[in-house]
**Q** 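The structure's right below; bear with me while I get my questions together.
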Amino acid sequence: MSTTGSPPTVADVVAALDRRYPPAWAEEWDRVGLVLGEPDRPVRRVACVIDVVPETVEEALAAGADLIVAHHPLLLRGVSSVAATTYKGRIVHRLIKADVALYVAHTNADVAAPGVSDALAARFGLTGLRPLHPPRPASPADGPGQDTADGSGRGIGRIGELPTPMTLAELTRLAAAVLPVTAWGVRAAGDPGRMVRTLAVSGGSGDGFLAEAAAAGVDAFLTSDLRHHPAGEHLAAGGPALLDAAHWATERPWLDDLAAHLADELGVETVVSDLDTDPWTVHAAAPRPDDKEPRP
C-alpha cells in the first residue's frame with residue numbers, strides 16, 4: 001500500500017497477489033493473473049469469488065468493488081470474440097463499463113501453502129499437514145510453504161490427522177455441517193462404520209488424485225466431481241473411503257483466507273461472496289421402503 005496514505009492501485013494488488021500465488025506456479029494449461037482493468041486505477045474494495053458469473057459480478061458491483069479476485073478463470077480457453085452477444089462477452093463488457101478489474105488465481109492458488117486445500121483442511125481441524133500431490137522436483141512450484149503453522153510444503157491437496165477419530169458416517173455428517181450448504185450436499189462411498197483417523201482433502205475436482213490418496217494410506221479422501229467408474233474401481237482395489245462434496249463448497253473456504261490476506265497486506269476492504277454457484281440446484285434423497293415421501 002502507498003506510504004502516502006492513498007489507496008493501492010490495481011497494479012499494487014496484482015503485485016501482492018503475484019507474490020502470494022506466483023503465476024509461474026500455475027499449470028501450463030491454466031490462465032491466471034490480471035484479466036482486465038487499468039493498472040493505475042485505485043482499489044478501495046475487493047470482491048472475492050469462486051466463479052465469475054453474472055450473479056457474482058452484480059453482487060460485486062452492488063458492493064462497490066473496484067476489483068474482483070476469482071478462483072476460476074473466465075477466459076480459460078481461447079476465444080475469437082468478446083462481443084456483448086456472447087455469454088462471456090457480456091460479462092467482460094459489464095466489468096469494463098463499470099471500471100472494475102478482474103484477477104484470477106487458480107491452480108497457482110491450489111498448489112500454494114497456504115492455499116485452497118489448507119483452508120479446506122482447516123474446516124476439519126486437520127493437523128500435521130502435508131501435500132497430497134507435491135509439485136515436480138525443481139519445478140517453479142516446488143518448495144516450502146509460507147505462513148503455514150506446521151511448515152507443510154506446497155502441492156495439490158492436503159493430508160492430515162483428524163482431532164478425533166470417527167466413522168465414515170460421522171465424518172460425512174461433519175462435512176455436511178462444516179462446508180457451505182449446497183443442494184448437492186456430501187455423499188460418501190465405503191463402509192459407513194469404517195474408522196477414519198487420517199483424511200486427505202483436495203479442493204475442486206480430485207479424482208485424478210485417487211492413486212495418491214491410496215498410496216498415502218489415508219483412511220478417507222474428500223474432494224469433488226468424483227466419477228462413477230474411477231470411484232468404483234478405487235474402492236474395489238481397497239482404496240480409502242471417498243467423500244464427494246460440491247465443487248464450489250470445497251473451494252469457498254479459501255476466499256476467507258484470501259480476503260484476510262488482502263486486508264492485512266494492503267489495507268483494502270474486502271467482501272466475500274457466499275453466492276452458491278454450484279450448477280446443481282435440486283436434490284431429493286431416495287425414499288425409504290416404508291416412506292411415501294423422499295427424505296429431506
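What you see is a predicted model, and the numbers here were worked out from it, not measured in a lab.
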**Q** Kindly say whether W29 contributes a backbone atom to a donor-acceptor pair with the side chain of R31 at under 3.5 angstrom?
**A**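 Here the side-chain-to-backbone pair exists.
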**Q** Run the numbers on D51 and L275 for side chain to side chain contact (heavy atoms under 4.5 Å, CB included), then give the verdict.
**A** CA-CA 10 Å; D51 295 293; L275 202 156; over 6 Å; no
**Q** Any heavy-atom pair between the side chains of L255 and I50 that's under 4.5 Å?
**A**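 In contact.
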**Q** Specify the closest pair of heavy atoms between Y21 and W254, including all atoms of both residues, with the distance to one decimal.
**A**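 Y21 and W254 have their closest heavy atoms at OH-NE1, 3.2 Å.
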**Q** Quick check for you: to the nearest 0.5 Å, what is the distance between R187 atom CZ and T172 atom OG1?
**A**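 That separation rounds to 12.0 Å.
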**Q** Who pairs with D30 by side chain to side chain donor-acceptor pair (under 3.5 Å), at least two apart in sequence or on another chain?
**A**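 Checked D30 against side chain to side chain donor-acceptor pair (under 3.5 Å); matches are H106, T107.
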**Q** When you look at D219 and M195, which way does the side chain to side chain contact (heavy atoms under 4.5 Å, CB included) test go after all the steps?
**A** CA-CA 7 Å; D219 298 313; M195 292 302 300; over 6 Å; no
**Q** Any chance CD of E38 has more than 12 other-residue heavy atoms, nucleotides or ligands included, within less than 6.0 Å?
**A**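 Incorrect, the count does not exceed 12.
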**Q** Does the S224 side chain pair with the main chain of A246, one donor and one acceptor, at a distance under 3.5 Å?
**A**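 Judged by distance alone, no pair lies under 3.5 Å.
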**Q** Using the side chain to side chain donor-acceptor pair (under 3.5 Å) criterion, which residues pair with T270? Sequence neighbours excluded.
**A**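 Per chain and number, T270 pairs via side chain to side chain donor-acceptor pair (under 3.5 Å) with no residue.
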**Q** Spell out, yes or no, whether V49 and L266 are grouped together once hydrophobic residues are joined by side-chain heavy atoms under 4.5 Å, including indirect joins.
**A**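 The answer is no; the residues belong to distinct hydrophobic clusters.
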**Q** Please examine the side chains of L76 and V104, heavy atoms only from C-beta on, and report whether any two atoms are closer than 4.5 Å.
**A**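 No, every pair of side-chain atoms sits at 4.5 Å or beyond.
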**Q** So which heavy atom on P230 is nearest to which on L210, and how close?
**A**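 Scanning both residues completely, I find the closest heavy atoms to be O-CD1, 3.7 Å.
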**Q** Donor-acceptor check, side chain of D142 to backbone of S139, threshold 3.5 angstrom: yes or no?
**A**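 No, D142 side chain to S139 backbone: no donor-acceptor pair under 3.5 Å.
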**Q** Do L34 and I96 sit in one hydrophobic cluster, given that two such residues count as connected whenever their side-chain heavy atoms are within less than 4.5 Å of each other, even indirectly?
**A**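 No, it is not one cluster - the side chains of L34 and I96 are not joined through contacts under 4.5 Å.
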**Q** Check whether D18 reaches the backbone of A15 with its side chain - one donor and one acceptor, N or O, closer than 3.5 Å.
**A**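 The answer is no, because no donor-acceptor pair under 3.5 Å joins these two groups.
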**Q** Hydrophobic clustering (ILVMFWY, side-chain heavy atoms < 4.5 Å, transitive) - are I91 and V32 grouped together?
**A**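 In one cluster: yes.
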**Q** With rounding to the nearest 0.5 angstrom, report the CZ to CG distance, R194 to L168.
**A**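 R194 atom CZ to L168 atom CG measures 8.0 Å (nearest 0.5 Å).
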**Q** Is there a side-chain contact between V57 and V52 in this structure, where contact means two heavy atoms from C-beta onward sitting under 4.5 Å apart?
**A**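 In contact.
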**Q** I'd like to check H72 versus H247 (side-chain heavy atoms, cut-off strictly below 4.5 Å). Are they in contact?
**A**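 Heavy-atom side-chain distance check passes, below 4.5 Å.
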**Q** Any side-chain heavy atom of K88 sitting closer than 4.5 Å to one from L74?
**A**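 Yes; the side chains approach each other to less than 4.5 Å.
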**Q** According to side chain to side chain donor-acceptor pair (under 3.5 Å), who are the partners of R19, at least two apart in sequence or on a separate chain?
**A**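 Partners of R19 by the side chain to side chain donor-acceptor pair (under 3.5 Å) criterion, ordered by chain and then number, come out as E265.
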**Q** About how many Å separate CD of E161 and CG of L129, when rounded to the nearest 0.5 Å?
**A**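 Going from the CG atom of L129 to the CD atom of E161 covers 10.0 Å.
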**Q** Find out whether L17 and L262 are in side-chain contact, i.e. whether some heavy atom of one side chain is under 4.5 Å from a heavy atom of the other.
**A**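 Yes - at least one pair of side-chain heavy atoms lies under 4.5 Å apart.
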**Q** Specify the closest pair of heavy atoms between L199 and L126, including all atoms of both residues, with the distance to one decimal.
**A**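 Scanning both residues completely, I find the closest heavy atoms to be O-CD1, 3.8 Å.
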**Q** Please test D12 against T9 for side chain to side chain contact (heavy atoms under 4.5 Å, CB included), starting from the C-alpha separation and ending with a verdict.
**A** CA-CA 5 Å; D12 292 329; T9 63; 3.2 Å; yes
**Q** Quick one: are D257 and V116 in side-chain contact, heavy atoms under 4.5 Å?
**A**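 Heavy-atom side-chain distance check fails, nothing below 4.5 Å.
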**Q** Side-chain heavy atoms under 4.5 angstrom apart, residues restricted to Ile, Leu, Val, Met, Phe, Trp, Tyr: same cluster for L258 and L67?
**A**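 Yes: a chain of side-chain contacts under 4.5 Å links L258 to L67.
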**Q** Grab the two heavy atoms, one from V268 and one from P8, that are nearest each other, plus how far apart they are.
**A**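 Minimum heavy-atom separation between V268 and P8: CG1-CG, 3.4 Å.
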**Q** Just distance, no hydrogens or angles: give the donor-acceptor pairs under 3.5 Å from side chains in residues 174-186, sequence neighbours left out.
**A**
| residue | atom | partner | partner atom | Å |
| --- | --- | --- | --- | --- |
| T182 | OG1 | G185 | N | 3.1 |
| W184 | NE1 | D244 | O | 3.3 |

**Q** Does some side-chain heavy atom of T167 sit less than 4.5 Å from a side-chain heavy atom of P192?
**A**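 P192 vs T167: side chains apart.
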**Q** Can you list the steps and then say if S202 with F221 is a side chain to side chain contact (heavy atoms under 4.5 Å, CB included)?
**A** CA-CA 8 Å; S202 185; F221 176 34; 3.9 Å; yes
**Q** Tell me whether I159 is reachable from L226 by hopping between hydrophobic residues (I, L, V, M, F, W, Y) whose side-chain heavy atoms are closer than 4.5 Å.
**A**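 Yes: a chain of side-chain contacts under 4.5 Å links L226 to I159.
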**Q** Is a donor on one side and an acceptor on the other found under 3.5 Å between the side chain of T86 and the backbone of V82?
**A**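 Not at all, since once roles are kept as given, no pair shorter than 3.5 Å links the two residues.
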**Q** Taking all non-hydrogen atoms of both residues into account, name the closest pair between W25 and P140 and its distance.
**A**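 In terms of heavy atoms, the two residues are closest at NE1-O, 3.0 Å.
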**Q** Ignoring hydrogens and geometry, is there a side-chain-to-backbone donor-acceptor pair from T223 to S205 under 3.5 Å?
**A**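 No, because the side chain of T223 does not come within donor-acceptor range (under 3.5 Å) of the backbone of S205.
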**Q** What is the distance from atom NE2 of H229 to atom CG of D207, rounded to the nearest 0.5 Å?
**A**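 The NE2 atom of H229 sits 12.5 Å away from the CG atom of D207.
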**Q** Any idea which heavy atoms bring G155 and P131 closest together, and the distance?
**A**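 Here G155 and P131 meet closest at CA-CB, 3.9 Å.
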**Q** Residues two or more places apart in sequence or in another chain: which of them pass side-chain contact (heavy atoms from CB on, under 4.5 Å) with D274?
**A**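 By the side-chain contact (heavy atoms from CB on, under 4.5 Å) rule, D274 matches R252.
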**Q** Could you list the donor-acceptor pairs under 3.5 angstrom formed between side-chain atoms of residues 40-47 and any protein atom two or more places apart in sequence or on another chain?
**A**
| residue | atom | partner | partner atom | Å |
| --- | --- | --- | --- | --- |
| R41 | NE | D99 | O | 2.7 |
| R41 | NE | D99 | OD2 | 3.3 |
| R41 | NH2 | D66 | OD1 | 3.2 |
| R45 | NE | E269 | OE1 | 3.0 |
| R45 | NH1 | A63 | O | 2.4 |
| R45 | NH2 | E269 | OE1 | 2.5 |

